[in-house]
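These figures come from a predicted structure and were not determined experimentally. Note that these values count all heavy atoms, side chains included, but never hydrogens, waters or copies made by symmetry.
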Amino acid sequence: MPHRHGTRLGTSASIRLRAAALPAPRLTRLAACLLGTATLTLPAWSQDQAAASAAADKSLDTVVVTGIRASLESALNAKRQDKGIVDVIKAEDIAKFPDTNLAESLQRVPGVVIDRDAGEGRNITVRGLGADFTRVRINGIEALATTGGTDSSGGANRSRGFDFNVFAAELFNTITVRKSSSAEVDEGSLGATVDLQAARPFDFNKRVVTGSVKGRYNDLSRKTDPRMAFLLSDVFLDKKLGVLVSGAYSKRRLYEEGFSSVRWDNGASSGGWCSPQGVTPSNPATTATTCGPAAQNVPRLPASQAATDAYNAASSANNFHPRLPRYGRLTHDQDRLGLTGSIQFRPTDRTLLTFDMLYSKLDATRQEDFLEAISFSRTASQGGKPQTSVVEAQYAPNGALQYGVFNGVDIRSESRYDELSTTFRQPSLTLEQDITDHLRLNAKIGRADSKFRNPVQTTVTLDALNVNGYTLDFRNDDRLPVIKYPFDPAQANGAMQIVGVPQVSSGTQPTTVANTTTSEIRIRPQGANNRNDIAHLDLAWEVIPDRLTLKAGYDYKKYAFDTYEFRRVNQNDTVFSAAAGAGVLTSMLTGFGRGLNLPSGTPTSWVIPDLNAIAAAYDIYCNCIKSGPAGGPGDFTLSSTTNGNARGNNRAVVERDRGGFVQADFEGRLAGLKVQGNVGVRYVVTEQEATGYLATGGGTEVVIGQKYKDWLPALNVSANLTKDLIARFAAAKVMARPQLGNLNPGGTISTTGTLSITTGNPYLKPFRAKTFDGSLEWYFGRNAFIGVGVFQKNIDTYIQSLRTNAPYNQTGLPLSLLPSNFTGEEVFQLTTPINTPGGKLRGIELNYQQPFTFLPSWGKNFGTVLNYTYVKSKITYLVSPTSSATITDDLLNMSPKSWNATLYYDDNTFSARVSASKRSSFLTRVPGQNNNDVEGKNATLNVDASISYKVNDRLTITLEGVNLTNEANDQFISRARNSPVVYHVTGREYLLGASYKF
């Protein structure tokens, strides 16, 4: 018999009658409670059975909840009804997601932890598997949104990880994290599939108009910024046509301040230190009295036992020092705009057409100002360590520098300015057609298009060469050292100046000063494009009503990625001295360190380059030669594929994925128990075409393709051991495609900063794994739940980037690829990716959720949500491409322990919650760089809180606090030393606002 659209095929008449018997007001509340559930948390054609069942259960209870308790209850119902293993987050109300950032909401999900950029959640890790292993779908369309971050947070995203900070949280009303696989869900994930769902007009089925306005205050930057959102939805033509638009805008201005080191290295690195007189020098160019060539006039320390002892200690391969010790301020300015639109048309009870459109624009600027010592990471040809003398040095037993005084140190004030934007567009069209009472067709086409642009990335420097008496003191604080300079860094027209390359009137114009690092102007515009075109078709045939449904479908995806970068033809980035009459080229940074509790003696002001003044004086954006010869200090011409330093970031990948699936959904009774689930298999063919550029011929394009096939069976089954006790089991074969950068058939050579050579591997096979999940869930009361889940992932193939250090003249590459001042003896870091065996990952999740309705009086309005996750992995890593040695260590980005705790109060008028999220330390690189075993991030504990007061049915006042402990981004290198790489804070944020329903 004909049925209303959305009702599951074959739903029993008794259930439909019970749902229909509910009074209209309760149906309205039920719709609000289940807002967004239908399209995300349940199989597309079985949604109304869950809704009807929930409605029938709720009809027995006259209590209607709203706010925090309503969102928790709705999410828990969705989790209970799903055939797979999922977790769900719901908006408390229209356009009111529980956090200001989607990633920060996701960290409340058991097994999910986040990584931050500029204090805001950017990427997620699910059950120990990082962003590259997690797929994200928006309104059912696979999407990839990327933006640019600081270098320490990964820089510009040119990989498969999804940047959640592109989107305003108000645009979505449901997030579903699918932890188990099923054949009908697209391949590509080892960790989870995350579904983001925006609101649609038939979610409300009536006119809805709402808006909110907030002010955000950051206590470090002391700035107040706006945040606002709106939603308009209505239905027409006897509820056959619905239209919805929503939008959100926010501005965010903040400081990020702290200490960083750009890694640590040992005493023998970069050619070693300048030895005192009487000790045989390690650098052949050193004279009897000078460090390096006499022309540099950098004196060696006089002979003494103290000088020799300090030199020997500092030269030990077991003792480590920071490579670029520096204090810095990063000034972030972000504007985020998001818009959604949805049109739904139901011409008949059997047909539903839905058109969704999502638009997001993230515009940002970032200025990074550092006061740093650059000698400790540089070679003799760059005026580095071989020109630096160790006056005094103290080391901890683990080899970490505690206190040091140095002569011949190059000091730099560096300013980098970035303009960044990400534009995301996603149109999609969905058809849901009931062909008969028992046969349904679903079809979907869509495109997710993300464009990242970084048109301005410019770095300028002031320098003071070979100063004596530089002091670095970690004795009282291993994260925030006292750094003392032998001059006043805040003195205008003082020691810090533009050190240019002398301009000659005859002969060959040099591009550098021998054995010296002069001031630099770096210009590096870049960008990246991601486009996903998808088409999906499936049929669902209900063979036995309420018992067995067969599904079959086909998916086509074309994913296109490309990235580009330009740099100066002058690959040393040097400049001439400023022309006479150029004016003042410096500015001043003041008030540094308010949120850091800095040690006494730390500079809080210093001279910085004035980028605008320097850009005007040198005309740096002319893309031309301003003075001197081509490729010289006065050449500001940009190049890309012909540029050895930029070449590696000019590449592209095109993937065509064709897949099909068959799946059986079943429900019934076995041994007296209610059993439901699905079983099926997905077959997918991946065709990849990778484009890159080789160094030969000044940049030769190379295109390499490969093709591979995967059979991916999946099983999900659950059994109601009692009415409220559910046992679940899932097993599947899964795959995730290689990181985009690793597929590059070309390579890049970096001859500034860290000397490195990076090549890709277009023949990489995907990550492949077998996954097993089990859980026991007890729903022991309304909105009350205890669950325990266990999981194991047998990772059969893994991809690792191997790194080794070797002199350039041993790489087989021609010297012509190096700047003229290089000899070929410089040690480069060589990196290449390969497939490795992988290993096992195991874990357990514990969940507890309960309203305290058992308490008397107002205590019954309290409740809590708690979860804890433990993950353990054993991954085999190769040490270097020239050795068969291996080490076994944790999976990258995996925190072995994480927990979340929320305590809330909600009486339908006043509500409040405080939430804490703890993530234990995790690794980001194995083996570590610069003679270190590992690199990673230390544990974090983030605390947020919110309060809302419902003045009436229309007006609600809210107060929120984010990052209330001012948690630091604490990155480390070396397990034994835990040496600081980054220690930055971004301040606490407070939001005060109101929402109104018209």
Do [X] and [Y] get their side chains close enough for a donor-acceptor pair, meaning under 3.5 Å?
X      : Y      : value
Thr797 : Arg768 : no
Thr686 : Arg737 : yes
Gln849 : Asn783 : yes
Ser182 : Asn678 : no

Taking [X] for its side chain and [Y] for its backbone only, find out whether a donor-acceptor pair lies under 3.5 Å.
X      : Y      : value
Gln426 : Ile138 : yes
Thr125 : Gly128 : no
Arg447 : Pro427 : no
Asn720 : Val675 : no
Thr869 : Gly111 : yes
Lys793 : Leu190 : yes
Asn205 : Val235 : no

Open item on the list: Between Phe772 and Phe791, is the ring-ring contact (aromatic ring centres under 6.0 Å, His included) condition met? List the steps.
Closed with: CA-CA 6 Å; Phe772 306 92; Phe791 53 89; over 10 Å; no
Open item on the list: For a side chain to side chain donor-acceptor pair (under 3.5 Å) check, start with the C-alpha distance between Tyr848 and Gln850, then their side-chain angles and the critical distance, and finish with the verdict.
Closed with: CA-CA 7 Å; Tyr848 171 61; Gln850 185 174 17; 2.3 Å; yes
Does a side-chain N-to-carboxylate-O contact under 4.0 Å join [X] and [Y]?
X      : Y      : result
Asp538 : Lys444 : no
Asp186 : Arg682 : yes
Asp773 : Arg728 : no
Arg160 : Glu655 : yes

TODO: Take Tyr556 and Tyr554 through the test ring-ring contact (aromatic ring centres under 6.0 Å, His included) and record every step on the way to the result.
DONE: CA-CA 7 Å; Tyr556 171 81; Tyr554 174 79; 7.4 Å; no
- [ ] Please report the closest heavy-atom contact between Val679 and Leu715, naming both atoms and the distance.
- [x] CB-CD1, 3.9 Å
